[in-house]
Protein chains: 2
Amino acid sequence: MKRRGLREAEQRLADADYRLTPQRALILRLLFEHQGEHLSAEELHALVGRTNPEVGLATVYRTLELLTELRVLQAVDLGDGRARYELAGEDRHSHHHLLCLSCGRVEEVRDDLLERLEQSVEAEHGFAILDHQVKFVGLCRECRTRERWKDDPERGEGEGPGG
Amino acid sequence: MKRRGLREAEQRLADADYRLTPQRALILRLLFEHQGEHLSAEELHALVGRTNPEVGLATVYRTLELLTELRVLQAVDLGDGRARYELAGEDRHSHHHLLCLSCGRVEEVRDDLLERLEQSVEAEHGFAILDHQVKFVGLCRECRTRERWKDDPERGEGEGPGG
DNA sequence: GTAACTGCAAAGGATTTGCACAGTT
DNA sequence: AACTGTGCAAATCCTTTGCAGTTAC
């Protein structure tokens with residue numbers, strides 16, 4: 001569905017006089033195929049490696065950096081100590097994430113109230129907002145419903161249906 | 001003025017059966033003396049070293065971790081690749097930061113609209129929010145006034161009330 | 001053809017950890 | 001004594017970088 005986005009992204013590379021190497025093309029494709037998964041460099045490298053084991057991790061890092069620079073990607077911090085990436089929204093910066101403590105899932109939020117908040121901040125602090133990062137940590141609807149939280153005083157639980 | 005907070009923090013250590021060692025006492029004191037500066041582990045270690053060069057960096061890290069666990073501190077990510085810390089508000093989680101791209105200053109925000117936003121998110125996503133992190137990146141009033149920004153060909157026009 | 005790109009491995013910076021010693025209870 | 005806490009240094013983790021060989025344009 002977002003196939004067009006891929007073309008645009010490739011075009012943006014060309015427009016900025018960068019080469020569309022097979023590595024970059026593959027990485028870009030995977031990024032679009034795994035939209036919404038917030039892949040890290042290493043995860044992406046693993047994905048790349050499925051078909052092209054030759055591609056080095058450094059290349060993945062370099063490509064990620066390049067694509068971020070070109071505003072094709074945006075780095076997001078999900079609090080696990082590594083950078084994760086998502087496709088950058090065309091019109092608007094929109095990293096508002098709901099991070100579930102129980103299952104680790106990441107939902108995206110789009111809420112007009114945030115714009116309201118920005119306006120308020122700009123007005124009250126005289127601060128010109130260029131970008132933002134909003135992250136809510138808590139329990140998603142499902143985990144909350146499951147109530148598997150009250151049992152666990154500490155933490156560690158295997159959320160594994162895959163087992 | 002916030003001397004009482006220091007005592008409370010020390011008490012919290014004791015309550016949790018941790019010892020108030022000279023290192024911890026010093027670190028805690030410095031943390032209160034440098035409120036609002038968002039010190040990193042290494043900065044704090046340097047401060048500690050002014051009077052007690054013997055204290056190791058690892059101890060600072062360990063203390064920071066401990067104090068965070070005890071909710072005396074909160075780690076904040078200001079985007080410079082290292083963890084920074086601030087005293088945790090008693091009643092309310094409150095890391096809402098305005099990070100100025102020009103001078104690097106960090107302001108704190110307290111805005112009711114954020115609570116409104118939280119409620120909206122809880123209602124619409126069924127997500128139980130336990131904590132949040134909100135960071136706005138842009139230009140503070142002063143840097144904005146100085147207009148040292150318009151020189152930059154990168155960003156050009158856009159939001160220009162100055163017009 | 002050639003500057004851009006890649007892969008590899010080594011380097012880098014922040015944070016953690018293993019371990020023997022020191023300080024408390 | 002039995003632990004907890006500390007200092008040091010080595011280890012770890014993510015990410016970057018140097019360099020020689022490769023390749024897209």
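Letters A, B, ... mirror the listed sequences (proteins, then strands); counts begin at 1.
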Quiz prompt | Interatomic distance where CG belongs to B/Asp17 and P belongs to C/dT25 [whole Å] | solution = 12 Å

Quiz item: Just how far, in rounded Å, is P of C/dT24 from CG of B/Leu13?
Solution: 15 Å

Quiz prompt | Atom of B/Ala88, atom of B/Gln74 and distance for their closest heavy-atom approach | solution = CB-CG, 3.6 Å

Quiz item: Of all of residues 18-26 of chain B, which get a heavy atom below 4.0 angstrom from DNA chain D, listed by number?
Solution: B/Tyr18, B/Arg19, B/Thr21, B/Gln23, B/Arg24

Quiz prompt | Check: B/Arg19 and B/Leu13 side chains under 4.5 Å, non-hydrogen atoms | solution = no

Quiz prompt | Value in whole Å for how far the P atom of C/dT17 lies from CG of B/Leu66 | solution = 15 Å

Quiz prompt | Base versus backbone protein contacts along nucleotides 12-21 of chain D [heavy-atom cut-off under 4.0 Å; B, S, -] | solution = --SBBBB---

Practice problem: Would you mind reading off the distance between B/Glu69 atom CD and C/dT16 atom P, rounded to a whole angstrom? | Solution: 12 Å

Self-check item: Carboxylate-amine/guanidinium contact A/Arg62 A/Glu65, below 4.0 Å
Solution: no

Exercise. Compare every heavy atom of A/Lys135 with every heavy atom of A/Asp77, then report the nearest pair and how far apart it is.
Key: O-NZ, 3.3 Å

Self-check item: Residues B/Arg84, B/Glu37: salt bridge by 4.0 Å N-O rule
Solution: no

Quiz item: Could you state the CG-P distance from B/Leu44 to C/dT15, rounded to the nearest angstrom?
Solution: 12 Å

Quiz prompt | Heavy-atom donor-acceptor pair, A/Arg24 side chain to A/Thr63 backbone, under 3.5 Å | solution = no

Quiz item: Please give, in whole Å, the distance from C/dT6 C1' to A/His45 NE2?
Solution: 12 Å

Quiz item: With side chains defined as the heavy atoms from C-beta onward, is the minimum distance between A/His97 and A/Val76 less than 4.5 Å?
Solution: yes

Exercise. Give a yes or no answer on whether the side chain of B/Glu118 reaches the backbone of B/Ile129 with a donor-acceptor pair at less than 3.5 Å.
Key: no

